[in-house]
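The structure appears below as structure tokens.
Quantities reported herein were computed from a predicted structural model and do not represent experimental measurements. Both backbone and side-chain heavy atoms feed into the values below; hydrogens, waters and symmetry mates do not.
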Protein chains: 2
Amino acid sequence: MGTVSKALSLLNYFNLSRQEIGLAELARLSGQNKATVYRHMTELLEHGLVEQVGSDRQYRLGPALIKLSSLREAAAPTREVSKKILQMLNEKTCETSHLSMIAGTQLNVTAYSYSSRHGTRVTMEDAEVISFHSTSSGLAVLAYSEAHFQDQILSRPLEKRTAFTITDPTKIRDMLDRIRDQGCAESVSGFEEDVHSIACPVFNAARDCIGAIAVAAPVARMNTDLKDITKDALFKASLEITQLMGGFPAHDYEALTGRILSTPLSG
Amino acid sequence: MGTVSKALSLLNYFNLSRQEIGLAELARLSGQNKATVYRHMTELLEHGLVEQVGSDRQYRLGPALIKLSSLREAAAPTREVSKKILQMLNEKTCETSHLSMIAGTQLNVTAYSYSSRHGTRVTMEDAEVISFHSTSSGLAVLAYSEAHFQDQILSRPLEKRTAFTITDPTKIRDMLDRIRDQGCAESVSGFEEDVHSIACPVFNAARDCIGAIAVAAPVARMNTDLKDITKDALFKASLEITQLMGGFPAHDYEALTGRILSTPLSG
DNA sequence: AACGACGGTTCAATAAATGAACCGCAACAA
DNA sequence: TTGTTGCGGTTCATTTATTGAACCGTCGTT
């Protein structure tokens, strides 16, 4: 791992619950020498990727990120495009929909949309990081990722988020086979209690899986009818979002969804 | 300059007109060795700050920026806050308003807002880079920056954007003195023909100038009345935005605006 | 006044970045 | 077909930049 990666890794310690971090704490968290962290942060500071705030000179993510993400959005309007498709999804399902994308070995929620149909709903956080093994999105991504990536994820310790989380790599690998057969992944209370989610993969131009689109509902509401509606809508949405990102579905996924979507919707 | 800075500098070559750049071109632009650029881009790639696209594997800004800027926005909601103040500005002036922030030695437009009052209006681009010497925002920032920074900017070649652009560093330094006397900067057709803009500085917690807030109108509409209304609104807005970003105005600016705003508005 | 934790700095030791040359490939021209 | 050019990506000896223990001054607590 190069110096640049070490420096950039420091950015990962900033999240919703830890927005401002001091030098010493950053050194502790990253396990690196304080002087090293200081120099890295200074370089990030010069580029506006972080800024220092307050009398104790804590670091937080910087203003340059706003500019860069604007440019990113101009170059690849994924956010805007995603939003529309997610909205269409929760019109059809009356449930929460979200899009997540692979970033390194993490899976980040990059956009989500709520339905106002029900008083209760599954809620999301901005820029939430979700796990691969315990969410439908993560499983959908894994199922359509290359073996090397699967191994990398599944060889790490798998957090048991709830009493229902499946953490046995062998069982997960079996599930991935079934997901490829069905074209979509399901997770019931694996990441959060009482959340039933269904997800389909999203692909890039090289037909690599780069993320997933999902619908999440309270367990009680996710009955057979809603499942059918959701899966149908998700298949279409995953193809659309893949296309709008300039990607193409994996060949088997393309064939599978082609078959499913050509037959009339029913149980 | 460290390795990290070199790598991060590569991100600066991506802008609105150059959204996708190949390895060779990036090496040429940055004047660095191709292998070096390749390794740096690979590291940025791993962190999702850039991504590769197309058969020619060109680079463009990556999806991680969306996540990071979401987190930045959660930690320091400057964008959201700015928007409201900018909207208030164009309610008062019926003209385009925008906020720009220093990033390194660049000045970036981070937010803008249009008024729907007139059929014609000054338009902006997302993440536009504006020059220091030929815009009211740039001049306002320079006027309230430390001498070292002024020297750095004014010693570079100053682009003559229009027939009216002032590029003589001596004249510009005289202007900066007047700007500090008046508390606001003006630019008439210096950056774009037919645009008259007025700007006030914005400060951080250390009372350093970190950006400017401006109103821009077609030259013909910027009459004495509108100027008065605009300046009054800008003084208030610059203090508000400074405060909302956790900053404090420079002592002289604080005193100046205090005097101006305590006297009744008139010509 | 002594203590510990903080942000920031130093400098010899060393591990990491570097770049010329290279590979294979694709597009194009003769 | 053959030769050329420019591309993305890779190699490895050279060297340059990164590293971390120890340090400084400051601040709040004891």
Integer-rounded Å distance: D:dT18 P and A:Lys6 NZ: 11 Å

Reading 5' to 3' through nucleotides 7-13 of chain C, protein heavy-atom contacts under 4.0 Å coded B for base, S for sugar-phosphate only, - for none: BBBB---

Among B:Leu107, B:Leu154, B:Ile179, the one residue meeting side chain to side chain contact (heavy atoms under 4.5 Å, CB included) with B:Leu142: B:Leu154

Atom-to-atom span, CD of B:Gln32 to P of D:dA17 - whole angstrom: 12 Å

Axis-to-axis angle between the two ends of the helix from C:dA1-D:dT30 to C:dA30-D:dT1 (five base pairs per end, rounded to 10 degrees): 30°

Heavy atoms from other residues, nucleotides or ligands near NZ of B:Lys84 exceed 12 (cutoff 6.0 Å): no

Under 3.5 Å: donor-acceptor pair, side chain of B:Arg57, backbone of B:Gln52: no

Residue from B:Ser137, B:Cys209, B:Cys184 passing side chain to side chain contact (heavy atoms under 4.5 Å, CB included) with B:Pro201: B:Cys209

From D:dT19, C:dT18, D:dC7, nucleotide with atom closest to B:Arg28 side chain: D:dC7

Value in whole Å for how far the P atom of C:dC6 lies from CG of A:Leu26: 12 Å

Presence of A:His40 side-chain N/O under 4.0 Å of D:dT18 phosphate oxygens OP1/OP2: no

Min side-chain heavy-atom separation A:Leu10-A:Val50 under 4.5 Å: no

Distance test, side-chain N/O of A:Thr3 to OP1/OP2 of C:dA17, below 4.0 Å: yes

Nearest-angstrom distance from the residue atom CD of B:Glu43 to P of D:dT18: 12 Å

Polar side-chain atom of B:Glu51 near backbone of B:Pro63 as donor-acceptor pair, under 3.5 Å: no

Which residues share a side-chain hydrogen bond (donor to acceptor under 3.5 Å, both in side chains) with A:Tyr144, sequence neighbours left out: none

B:Tyr253 and B:Phe203 aromatic ring geometry - parallel, tilted or perpendicular at 30°/60° bounds: tilted

